[in-house]
Every structure is written in structure tokens, then in C-alpha cells.
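Let me begin by presenting the structure, written as C-alpha cells, before commenting on it.
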Amino acid sequence: MPRTGEPGEHPAQGTRRQVIEQAGKGAHCPIDPQRIDIAALRTLTYGLYVVTSHNSGRLNGCVVNTVVQVAGEPCQVSVSVNKASLTHEFIARSGSFGVAVLDQETPMPFIGIFGFRSGRDFDKFGKAGYRLGLTGCPLPVENTLAQLEARVRTSVDCGSHTTFIGDVVASRVVKPGRPLTYDYYHQVRGGKTGRGAPTYGLDMSVCDKDERKKKMKKYVCQVCGYTYDPAAGDPDSGVQPGTPFEQLSDDWVCPVCGAGKDQFEPE
Ligand code: FE
């Protein structure tokens with residue numbers, strides 16, 4: 001007995017005649033938000049990468065979860081980049097991009113440099129070591145398992161993002177290790193999704209806010225997800241362990257993304 005699903009849905013399986021009748025109708029299928037369960041999208045798996053490019057001697061890069069090898073012959077990778085980002089502008093102009101595959105134990109401040117700041121007002125590669133590749137793209141060397149470079153073959157307009165598809169012109173393994181996954185970043189490291197990511201708004205951690213408020217001692221950066229723990233302080237910025245958030249100086253900033261105190265909320 002073939003299953004035909006809910007009224008108005010395509011049959012999950014059907015007779016050969018039904019399949020033939022449905023063929024070609026997908027392009028006209030209406031988009032109805034009622035049929036889109038965001039929880040289903042949260043089950044997709046990703047890695048985390050720094051994608052880089054250059055323009056007129058300037059270097060930039062940003063964290064993405066959208067690097068995929070899309071073909072083997074010729075070897076091609078794609079990356080989706082938010083149109084508003086400086087890295088997007090650089091890739092579009094230079095016709096090339098670099099990729100650093102991040103180590104699972106990449107420190108949060110390093111992710112903060114590339115993931116939560118804009119290259120328009122911050123020199124990201126002034127804070128991170130790199131080497132220049134064949135394409136002129138900077139390739140981060142710290143916290144990096146592997147580096148790739150690609151020459152853009154084509155691009156696809158995807159609305160908020162452009163997907164660039166490029167031929168890989170060089171790649172190398174930097175060191176052995178486990179690559180950082182999107183899931184590990186969120187579930188183990190407590191990271192947040194940058195506003196420019198295609199998956200922005202899917203963080204489950206946001207749903208836990210009420211539960212967290214019961215503790216009221218730690219403060220969370222609303223930009224990057226960094227948690228200020230008074231017990232640990234912020235030794236790198238000269239803040240001793242045991243310093244309450246309220247006693248931090250007004251010019252103290254988030255050690256990960258540089259956001260001010262006013263961007264923090266009680267956990
Ligand atoms: Fe932050």
C-alpha cells in the first residue's frame with residue numbers, strides 16, 4: 001500500500017505512474033513556512049573553517065561552516081559567504097579564496113578574531129600568523145590542520161549569501177588532529193553563531209536562557225557567546241580571579257570579540 005503522506009504533500013513513495021506524474025513539479029512547489037521544521041535543519045552537520053581572500057594588498061578572512069568539496073575531477077570546493085562581509089567583497093574581486101581547516105581545540109579568542117569582528121575596522125591578520133599562498137590569499141598557520149586554496153570557477157547567488165565554487169590549486173596538511181565541527185563548537189565549547197552565518201538563529205542555546213538566569217553570577221557576551229566567569233576572571237586582560245562582573249572597568253571588552261560590557265547579559 002503506497003504511503004501518500006499529508007494532503008497536498010508529494011507521495012513518499014508510490015506507483016510508477018504517480019512518480020512519473022510528480023516528476024518536474026518540484027520547481028513549482030510553493031514555499032510554505034508551516035512545512036519547514038527548523039529542528040530538521042539543526043541535524044545537518046558541518047565543519048568550521050576560516051575562509052580568506054585579498055584585495056589591493058589588504059587581507060581578510062572570516063569563520064564559516066560552509067566549505068564543501070563538491071567534485072573530485074577536477075577537484076573543486078564551494079564556500080558560501082555572506083554578501084555583507086568584507087571577505088565576500090575580496091573573493092569577488094580577487095577570484096580566489098583560501099581555507100584553513102580549524103583544529104578542534106582552537107581557542108575561542110582565535111575564533112573571535114575571525115568570527116565576530118569585521119575586517120572593515122579590524123586588521124584580523126595583524127593578530128594571527130599566516131603565510132601567503134599561490135593565489136595571494138593568506139593562509140592561517142595557527143590552530144590549522146590543513147590549508148586549501150581555490151580559484152573561483154563560478155558563483156551562485158543564494159540570497160543572503162553567494163556560493164563560490166572554485167578549482168583547488170593547492171592544498172597541504174599542516175598537522176595531524178581532529179577538525180573542529182560545528183556541533184562540537186556549540187555543544188562542547190559553548191560557541192555561538194555569527195550573525196553572518198546562514199545558520200544564524202538556529203542556536204539551541206538561546207532557548208536555555210531562562211534556565212541559565214537562575215545562576216545570575218556569570219555574564220554572557222551577546223555577540224559571541226563568551227562567558228565571563230568571576231571565579232576565573234580574565235587574566236589575559238589583567239582581571240584577577242574572583243572579580244565580579246560589576247567591578248570590571250568600563251573599558252573592559254570581551255576577550256573574544258571585543259564587545260563592550262553593555263553587550264553582556266547575566267547567564
Ligand atoms: Fe564577545
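Counting begins at 1 with the first residue of the sequence. Order of appearance sets the numbers: ligands from 1, and atoms from 1 within every ligand.
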N/O donor-acceptor pairs under 3.5 Å from side chains in residues 64-72, not counting sequence neighbours:
| residue | atom | partner | partner atom | Å |
| --- | --- | --- | --- | --- |
| T66 | OG1 | S80 | N | 3.2 |
| T66 | OG1 | S80 | O | 2.7 |
| Q69 | NE2 | A71 | O | 3.2 |

Could you go through residues 155-162 and list every donor-acceptor pair under 3.5 Å that involves a side-chain atom there, pairing it with any protein atom two or more places apart or in another chain?
| residue | atom | partner | partner atom | Å |
| --- | --- | --- | --- | --- |
| D157 | OD1 | K83 | NZ | 2.7 |
| D157 | OD1 | G159 | N | 2.9 |
| D157 | OD2 | K83 | NZ | 3.3 |
| H161 | NE2 | G196 | O | 2.8 |
| T162 | OG1 | H88 | NE2 | 2.8 |

Would you call R58 and E89 a salt bridge, using N to O less than 4.0 angstrom?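 Judged by the 4.0 Å cut-off on N to carboxylate O distance, R58 and E89 do not form a salt bridge.
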Output, by chain and residue number, all protein N/O/S atoms separated from the Fe ion (ligand 1) by less than 2.8 Å.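 Result, waters dropped: C221 SG, C224 SG, C254 SG, C257 SG.
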Test item: V220 and E265 side chains (from C-beta on) under 4.5 Å apart, heavy atoms: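 V220 vs E265: side chains apart.
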Return a table of donor-acceptor pairs under 3.5 angstrom between the side chains of residues 254-264 and protein atoms on other chains or two or more places apart.
| residue | atom | partner | partner atom | Å |
| --- | --- | --- | --- | --- |
| K261 | NZ | F245 | O | 3.4 |
| K261 | NZ | L248 | O | 2.9 |

Establish, yes or no, whether a centroid distance under 6.0 Å links the rings of F114 and F122.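 Centroid distance F114-F122: not below 6.0 Å, so no.
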